[in-house]
Amino acid sequence: MNRYNPLAIEAKWQKIWEDSRAFEVDESSPKPKKFLAEMFPYPSGAGLHVGHVRNFTIVDVLARYYSQKGYNVLRPFGYDTFGLPAENYAIKTGVSPKVATDTNVSNFRNQLKKLGFAIDWSREINTSSPEYYKWTQWCFLQLYKKGLAYQKESYQWWCPVDQTVLANEQVENGHCWRCGSEVEKKKMKQWFFKITEYADELLDDVDSLDWPDKIKTMQKNWIGRSEGAEIDFGIVDSKEEITVFTTRPDTIFGATFLVLAPEHPLIKNIVTDKTKSAVEEYCKNALKKSEIERQENKEKTGVFTGSYAINPATKEKIPIWVADYVLIGYGTGAIMAVPAGDERDREFAEKFDLPIVEISKVPEKPFGTPKTTYRMRDWLISRQRYWGCPIPIAYDKDGNTHPIPEEQLPVIIPEIEDYKPDNSGRSALAKATDWLKVTIDGEEMSRETDTLDGYACSSWYLWRYASPHDSAHAWDPKKIAYWSPLDIYCGGDHAVAHLLYIRFWCKFFADEGKLPFREPITKLLYNGYINAPDGKKMSKSKGNVVDPLDVINDGYGADTLRTYEMFIGPYDQDATWNPRSVGGVYRFLNRCWTLCFETELTDTKNDNLRHRTIKKVTEDIDRASFNTAISALMEYVNELYKVGASKEDLVVLSKLLKPFAPHLASEMLEQLSANDDWPVFEEKHLTSETVQIIVQVNGKLRAKLDLPAEELDNEEKITALALKNENVKKFVTTPKKTIFVKKAKLLNIVA
RNA sequence: GCCCGAGUGGCGGAAUUGGUAUACGCGUUCGACUUAAAAUCGAAUGGUCUCUACCAUAUGGGUUCAAGUCCCAUCUCGGGCACCA
């Protein structure tokens, strides 16, 4: 007797798909398009993990499903290859990041091919290849030309271990998102993208997205729009004014003091001889305090400047204080304190014995000028690191910035010996002295040594997929118009940063006339994590990592791995790996194989069962309920084992199975000489000749009546039969009323 | 502290619109096949009880002919935000 041999079947079909370029597509097809992608991975040296497999399999199931349904499906793949791990590895071993990255990419590619993904391999992209980052630099220049890429000197997050600045989005609880060390504030001149220009649209359009509510809420909170007003306060015995931001200008009659952030530039102008040293001391300490300390210690601290302002509503003299509960980066870095209306101001007033005055009246004419502020700041994109996309800018001898002309792109990363970053505020590229020199319009200039945040590289890659080898455009306008926007995007990370940035670039390039849509991602599937069998997070140090390639090579094969990861639970929930359940899925595929290759066909009429299964599996895939789709297939196979299977039963089984277990299903379809067109259920087969009526008494199940289907309309007869039933009679003497629900095939007798 | 989710057998989970709670899988038990084991096939499997039946979807109330599903309160766990004026 032959046995199911997944490794042989999978090698066979993988070769067929590779040789026939089975998943390559273009724009000439008359079919409707579908464009699907996962969040492309960072190819680490460790190779694929089971989390990747879950993410990519979801996309693969959908890609194959839509393809079987007759869509022209684009399912490309790429690698997000710039970043710190490759550079840190280079510092440790001396192996250049480029070499290490190439090795890792090729390892990833080989592993992906063993999983049988329906990838159009002709479209593979890699963000650290010059053909790609040439266009990342081009994108930067488009933003630069419109004033949306600019330099600004300010206090920035600095990671002392990675020796680079970080964006707000990359600081988690005061710690570096990569190395976990505590970040510091450092005053530096840095490059920014003006994402705040699009804050309103980014916020307002969130509601229209078919994305999980969780992600939508996080995006909204991140942008954090507040409507309010800016109000100017005159200072006693001074020509200076202090502008505050408030969301409640109507409470101005209760404003009894002002508070400035310790970094506020006006402080030095308003301190008096008496207060000067105390204020300076306070500000120095506040700046020295780490952000963690400032966040953790919510005990209010502050110091009086010695100066007074005039409340424009009450005309009263109110003291001006400095306190670190006011943040320099939000609003104007200064507030009017209304202790009667604001909890924090009250706490401060109580501690320092400042007046708390009830808000006596509301001004008839609103004070100040209306102003909207956002919690979101501009996106800091400079990185003082070697292994990133060089910012295509040069400085003349006066320090003015000049864009590198487009014909000189790409600005190639030079090979260097020493990758080590330092605290000079410049990347290791500063050591490449020859590379630094550049001539623009005959003038000798010096190149920018910062590289771009990796998130810039991933902010346009979806569009590159439409024309990955185009040497004249970042993306071909006709091709992008055909494929985009992305119909389904799947991933389990980057809830805020990446998804916000790519929306920002989309809106910008739409305004430039370069994209015919304003939202890049129609539907987002946000998948959960897979934990180790011990229920903990998988990690090398705990030694509990499940290697997906081991699962394949142990003999289970890729089909079992894929199907198991879809069966493990709802795709959007975290799950725990269970090796025994892997065996259960293998048994199921084995039973499919046995039905097809080792069992005699019968002429059993299973129309109802078969069409019910088609309906269930189709609808479950449509709502991304992959685990229940697979259990429907299991039920189908269990039933076919009992009653026997016709050829048609097996053809349908193979077709429905193909998105999950494509190798085995292809083998079965070949044996059955059938194509893989997605089967369509017919309503007429969903009705059966008999119908089971549930009889309840007071809502409790008391009997089941099996009747011919046409009796379902005969409520009177059903009621009569139910009341005659022995078991029902025990609970009913005289029915008060009966409720018949035809749709539920249920009769409830109220006794 | 504020805002979201979630809580169902020994375990992962199903129940899509309020209508048969526990599908499917794992595990366990029994049986068939085998010299034996594995594999495979078949059967049983929420609890109490001999059956009828009763009790069970975190806890306590409520609405309804009917509640895992809706409402109120409480507890537990998970996630996000957190001095944003």
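Below, each value reflects all heavy atoms present in this structure, side chains not excepted, and no hydrogens, waters or symmetry copies. Numbered from 1 within each chain, the chains take letters A, B, ... in sequence-line order.
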Requested in this report: Give a yes/no verdict on a cation-pi contact between A:K537 and A:Y529, requiring under 6.0 Å between NZ or CZ and the six-membered ring centre and an angle within 45° of the axis.
Outcome: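 Flagged: A:K537 positioned over aromatic ring of A:Y529.
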Would you indicate what [X] reaches in the nucleic acid, counting non-hydrogen atoms under 4.0 angstrom: base, sugar-phosphate, or nothing?
X: A:K704; value: base
X: A:N748; value: base
X: A:G584; value: sugar-phosphate
X: A:T373; value: nothing
X: A:E343; value: nothing
X: A:N727; value: sugar-phosphate
X: A:V741; value: base

Query raised in the report: Closer to the 5' end of RNA chain B via nearest nucleotide, is it A:Q692 or A:E635?
Result: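 Here A:Q692 is the residue nearer the 5' end.
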**Report entry** Closest-nucleotide ordering on RNA chain B, the 5'-leading residue of A:G583 and A:K730
**Finding:** A:G583
Report summary line: For nucleotides 4-14 of chain B, 5' to 3', base contacts (B), sugar-phosphate-only contacts (S) and non-contacts (-) with protein non-hydrogen atoms under 4.0 Å give --------SSS
Query raised in the report: Which letter, B, S or -, goes with each nucleotide of nucleotides 39-45 of chain B from 5' to 3', with contact meaning a protein heavy atom under 4.0 Å?
Result: SSSS---
Requested in this report: Classify the glycosidic conformation of B:G5 as syn or anti, calling it syn when the angle lies within 90° of 0.
Outcome: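 Anti, which is what one calls it when the glycosidic angle falls more than 90° from 0.
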Query - Partners passing side-chain hydrogen bond (donor to acceptor under 3.5 Å, both in side chains) against A:T602 (at least two apart in sequence or in another chain) - result: A:T604
Query raised in the report: Residues in side-chain hydrogen bond (donor to acceptor under 3.5 Å, both in side chains) with A:N221, at least two apart?
Result: none
If I pick the [atom1] atom on [M] and the same atom on [N], what distance separates them, to the nearest angstrom?
N: B:C51; M: B:G46; atom1: P; result: 13 Å
N: B:U52; M: B:U35; atom1: P; result: 42 Å
N: B:U16; M: B:G7; atom1: P; result: 13 Å
N: B:C75; M: B:U29; atom1: C1'; result: 37 Å
N: B:U69; M: B:G5; atom1: P; result: 16 Å
N: B:C54; M: B:A6; atom1: C1'; result: 31 Å
N: B:G62; M: B:G18; atom1: C1'; result: 16 Å
N: B:C49; M: B:A67; atom1: P; result: 27 Å

Gap between atoms [atom1] and [atom2], on [X] and [N] respectively (whole Å):
X: A:K743; N: B:G19; atom1: NZ; atom2: P; answer: 9 Å
X: A:K700; N: B:A21; atom1: NZ; atom2: C1'; answer: 14 Å
X: A:K736; N: B:U64; atom1: NZ; atom2: P; answer: 14 Å
X: A:E639; N: B:A23; atom1: CD; atom2: C1'; answer: 13 Å
X: A:I749; N: B:G19; atom1: CD1; atom2: P; answer: 20 Å
X: A:N221; N: B:G79; atom1: CG; atom2: C1'; answer: 13 Å
X: A:M218; N: B:G80; atom1: CE; atom2: C1'; answer: 6 Å
X: A:K216; N: B:G80; atom1: NZ; atom2: C1'; answer: 17 Å

Query raised in the report: Taking the six-membered ring for Trp, are A:F352 and A:F348 parallel (under 30°), tilted (30 to 60°) or perpendicular (over 60°)?
Result: tilted
The criterion is salt bridge (Lys or Arg N to Asp or Glu O under 4.0 Å); which residues satisfy it with [X], sequence neighbours excluded?
X: A:K220; value: A:D207
X: A:E711; value: A:K717
X: A:K536; value: none
X: A:D713; value: A:K742

**Report entry** Side-chain H-bond candidate by donor/acceptor type, A:E227 with A:T372, under 3.5 Å
**Finding:**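 Present: a donor and an acceptor within the cut-off.
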Query - Short side-chain donor-acceptor distance under 3.5 Å, A:D378 and A:T196 - result: yes
**Report entry** Any residue meeting side chain to side chain contact (heavy atoms under 4.5 Å, CB included) with A:R377, in chain and number order, not counting sequence neighbours
**Finding:** A:N168, A:Y330
Requested in this report: Report yes or no: is there a donor-acceptor pair, N or O only, under 3.5 Å between the side chain of A:K300 and the base of B:C83?
Outcome: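 A donor-acceptor contact between them is present.
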Report task. May I ask you to verify if any side-chain N or O of A:R702 is less than 4.0 angstrom from the OP1 or OP2 atom of B:C54? Result -> yes
Query - Pairs where residues 631-641 of chain A contributes a residue and the test side-chain hydrogen bond (donor to acceptor under 3.5 Å, both in side chains) is met, not counting sequence neighbours - result: A:R591-A:N638
**Report entry** Pairs touching residues 244-253 of chain A that satisfy side-chain hydrogen bond (donor to acceptor under 3.5 Å, both in side chains), sequence neighbours left out
**Finding:** A:R248-A:D250
Report task. Decide if atom NZ of A:K216 counts as having more than 12 heavy atoms of other residues, nucleotides or ligands within a radius under 6.0 Å. Result -> yes
Query raised in the report: Given that both pair distances must be under 3.5 Å and the pair must be Watson-Crick or G-U, what runs of three or more consecutive pairs involve RNA chain B?
Result: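 RNA chain B forms these stems: B:1-7 with B:75-81, B:10-12 with B:24-26, B:27-32 with B:40-45, B:46-48 with B:53-55, B:58-62 with B:70-74.
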